[in-house]
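Chain letters run A, B, ... following the sequence lines, proteins first, then strands; residues in each count from 1.
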Amino acid sequence: MRRFDLGINERLLTDLNQSQIDAVTYLKGPQIILAGAGSGKTRVLTRKLAWLVSCGGYSPWDILAVTFTNRAAAEMRSRVEEILGMSVRGMWVCTFHSACLRILRTCHIEAGLSDNFVVYDANDSLDAVKEALKSLSSRGSDALESGVKPGDIQARISMAKSRLITPETFQQQGDELYDELTEEVFSGYEACLARNNALDFDDLICRAIRLLRSNEKILQRYRGKFKYILVDEFQDTNIAQYEFVSLLCEGHKRICVVGDDDQSIYSWRGAMPGNMMDFIGRFGSLEGSQELKVSQLLENYRSTSAILQASHDVISQNLMRTKMDPLIPMRGDGEMPLHYIAASEREEAAFVTTTIDWLIREHDYCLDDFAIFYRTHAQSRGLEESFLRRGIPYRVVRGVAFYSRAEVKDIFAYLKIFVNPEDDLALKRIINVPTRKIGKTTIGKMETAAAASGLSLYSWLLAGGHVKSLPKKAVEAVSAFLEFLQFQMERSRTLPLAEFFSDFMDDLGYARQLKNSVKPEDRQRAENLDELITIVQEYSHISASIADDSHAADSSGALSSAVDYDDSLFFRTVSEGLQGFLQYVSLVSDADFLDSEMGLEPEPGIMERGSVSMMSVHSAKGLEFKAVFMIGMEEELFPHFNCMSTAEAIDEERRLCYVAMTRARDRLFLTSTVSRRIYGKKTNPSTSRFLMEIDSEHIIQEYSRALRWMQDW
DNA sequence: CACGCGGATATTTTT
DNA sequence: TATCCGCGTG
Ligand SMILES: Nc1ncnc2c1ncn2[C@@H]1O[C@H](COP(=O)(O)OP(=O)(O)OP(=O)(O)O)[C@@H](O)[C@H]1O
């Protein structure tokens, strides 16, 4: 093969067009790549990372590459290693959250954090908001009475924090987020996290920034370390994240960001697509070697032009777009997208399975080629039933749902306490799980007494507070609980993680109780707990093998040895054991494991390998599939009824639709129904406006047989 | 203090 | 349709 005659440098540039080559090889200064859907930005970023190492004179550990998901990070890392034929272990390829957590762990003392801090996920943080509301006593309960939703307050606080706003600056800077109640809860919330030794997701970024701003030495250290910074999906970064990378690249300004504002789909959680224009403004005024390079990638290599045409019809309805030339299709016409109209949800699902069957039989598709996207997770149900009936293997990306299950949260609350006993929130959660005859009144009494003595619940118990202040029935129960905690805590520190955990679950007897229950939903709960044991086992297995590995090799300076990476674990936290596990699971999600589960598990008796992927349109970002189904293309569902009140929200829904459509390589099927059950009530949805926006020449419409039959009447 | 019943309520998306 | 919450009973 001719290929092998080329040097590594030429090889890095093969199969790239001229704009891609320019983007890869420009190393002098700041750079922004405006990369339309399917234009090869992932390819460019990967090649650029390889180029930096093999031609730019950079070492892997000089580079920070920030991605949107752990999945994207793992994929990028492994592709770079594949190209270079070497490990790039020292390179930081990770999400903002992982990078910041890593910095905070490494410098926890300077950051003013105890070494056993824990990370609160969205569920925990909602509990903290409720707690803060409660501590406002009557003002809080009044608010709840009058219909204030804790989730709404949480969203405002999170949004504020993503703009680097603190309770102190909230009033001046909070803008549309501000109201008095939120301000009060905000302070209480921050105090609550501090008391519990916990950081929420937003804290990871803000606290890292605060650390860098306040500690010149550390700032210089990281500025010196990261000689080149790349950011993927820049249109979905928030203010804090932008500030984080700005701080780090301050001197050398060797920063490359890639984004596409048509694909901005996270403004609901604080993402600022305007960061793109701001970047151009901020870095565009520089001269000489620090001059800004703006690249546009317009050639779409992914989709057939029929698919692109329809997608373009949709996205062009958005008026507030950064002016960018339309995408240029690089592939042939292909099959027209099909809009299938079903009589019911059931029929919609049947269409999907039938079509998959057909494509596999007649057109050599395999299961991995298919993805089904929907706006809300609830929509996966009908599909799953249909797939189970037909025996088609599938995999559902469930987002964060697993960690929101009560029984799973319970177990994590235990684990958090073992690491960080000061966590009152967690302690209160599980003090009576499974039931130990410690009820509301007892907990209330203890809380008040502990607060009065200025102690955390756990310390107060250790000091024997309960013995003096509670009736003796309660003292017995509480003492037994405390003993159990201490016993397990001790074991959690001395035993290997997996061994400790399965023993603990056994001792707890929670799963046993659920298995013996007569309630049907407890079956699933018990299964979730089993799943948890598997997760722990897998984690400890993998992290142990990495540990072995890194003892043998690596020791490239204090900063870069703090975390090691592996294909199978997205990142390893600085912390060992249980704490490391907690930090790890708090940052990974279901979607991250997609690749590792595709192509696996060939079911006995089924010739086709792999499985069909089902996921929300949000999780679809960055992926591509040969055939894509988008189900539930109906008003109120997509666009979702919660997003129909403002033009901005509708535009984001439209971008979401565009992102989903442009995931398809060869075939795109869009389905809607004329009758659907929502919360058990019948509705008669009308076709999504997004489908109406597609020129009728660009899409084929097909009514189900049942509907055609009815139409004949 | 535990448990069961009934009624209100709702999931949009996720690092 | 399922889950959560509050209330009443044992
Ligand atoms: N120069 C090229 N020649 C041929 N194929 C290419 C080229 N560049 C990219 N591709 C192919 O185009 C497809 C899309 O590339 P990639 O995933 O990098 O796009 P992307 O810009 O990340 O997409 P999106 O922004 O929509 O997520 C991939 O299948 C990739 O292999």
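Atom pair A:Phe234:CZ and B:dT15:P shows a separation of 20 Å (rounding to whole Å applied). A:Glu636 places its CD atom 12 Å from the P atom of B:dT12, with the value rounded to the nearest Å. A:Leu623 has its CG atom 14 Å from the C1' atom of B:dT14, to the nearest Å. One interatomic measurement links the two molecules: CZ of A:Phe402 to P of B:dT14, which rounds to 16 Å at whole-angstrom precision. Here the P atom of nucleotide B:dT12 and the CE atom of A:Met644 are 13 Å apart, to the nearest Å. To the nearest angstrom, P of B:dA2 lies 9 Å from CD1 of A:Ile438. Atoms NZ (A:Lys149) and P (C:dC5) sit 15 Å apart, rounded to a whole Å. For the pair A:Met159 CE and B:dT13 C1', the computed distance is 12 Å after rounding to whole Å.
Remark: ring of A:Trp268 not stacked against base of B:dT12; the cut-offs of centroid gap under 5.5 Å and plane tilt under 30° are not jointly satisfied.
Comparing A:His640 and A:Ala474 by the nucleotide of DNA chain B whose heavy atom lies nearest to each, the residue mapping closer to the 5' end is A:Ala474. Both A:Lys130 and A:Gly680 lie close to DNA chain C; mapped to their nearest nucleotides by heavy-atom distance, the more 5′-ward contact belongs to A:Gly680. The residue among A:Lys440 and A:Arg405 whose nearest nucleotide of DNA chain C lies closer to the 5′ end is A:Arg405. For the pair A:Arg436 and A:Ile265, nearest-nucleotide mapping onto DNA chain B gives the more 5' position to A:Arg436.
Checked against C:dA2, B:dT15, B:dT13, the side chain of A:Arg269 finds its nearest nucleotide in B:dT15. If you check B:dC3, B:dT14, B:dT15 against the side chain of A:Tyr266, the one that comes closest is B:dT14. Ranking B:dT12, B:dT13, B:dT15 by closeness to the A:Thr69 side chain, first place goes to B:dT15. For A:Tyr679, the side-chain atoms get nearest to C:dT1 when compared with the rest of B:dA2, B:dT15, C:dT1. Of all nucleotides listed (B:dA2, C:dA2, B:dT13), C:dA2 comes nearest to the side chain of A:Arg381. The side chain of A:Thr376 approaches B:dT13 more closely than any other nucleotide in the set B:dT15, B:dA2, B:dT13. Listed candidates were B:dT14, B:dA2, B:dT15. Nearest to the side chain of A:His377 is B:dT14.
A sub-4.0 Å separation between OP1 or OP2 of B:dT15 and a side-chain N or O of A:Asn238 is absent. Contact annotation: A:Ser98 side-chain N/O to B:dT15 OP1/OP2 distance is not under 4.0 Å. The side chain of A:Ser619 places no N or O atom within less than 4.0 Å of a non-bridging phosphate oxygen (OP1 or OP2) of B:dT13. At the phosphate of B:dT14, neither OP1 nor OP2 sits under 4.0 Å from any side-chain N or O atom of A:His97.
In this structure, A:Asn432 reaches the sugar-phosphate backbone alone: every heavy-atom distance under 4.0 Å involves primed, P, OP1 or OP2 atoms, never a base. At the heavy-atom level, A:Phe96 lies nowhere under 4.0 Å from the strands shown.
Here the options are A:Thr683, A:Thr687, A:Thr673, the test is side chain to side chain donor-acceptor pair (under 3.5 Å), and the partner is A:Glu634; only A:Thr673 passes.
Between A:Arg525 and A:Glu407 there is a salt bridge, since a side-chain N of the basic residue sits under 4.0 Å from a carboxylate O of the acidic one. The pair A:Arg655-A:Glu652 counts as a salt bridge, with a side-chain nitrogen and a carboxylate oxygen less than 4.0 angstrom apart. Using a 4.0 Å cut-off between charged nitrogen and carboxylate oxygen, A:Asp124 and A:Lys416 count as a salt-bridge pair.
Nucleotides B:dT11 and C:dG6 have their C1' atoms positioned 22 Å apart, rounded to a whole Å. Taking atom P in both C:dC4 and B:dT13, one finds a spacing of 16 Å when rounded to whole Å.
For A:Lys621 and A:Phe68, the positive end sits near the middle of the six-membered ring, less than 6.0 Å away and at most 45° from its axis. Figure legend: cation-pi geometry between A:Arg436 and A:Phe484, with NZ or CZ positioned under 6.0 Å from the six-membered ring centre and within 45° of its axis.
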Walk me through whether A:Lys161 and A:Glu190 qualify under salt bridge (Lys or Arg N to Asp or Glu O under 4.0 Å).
CA-CA 11 Å; A:Lys161 289 174 82 165; A:Glu190 294 289 292; 2.7 Å; yes
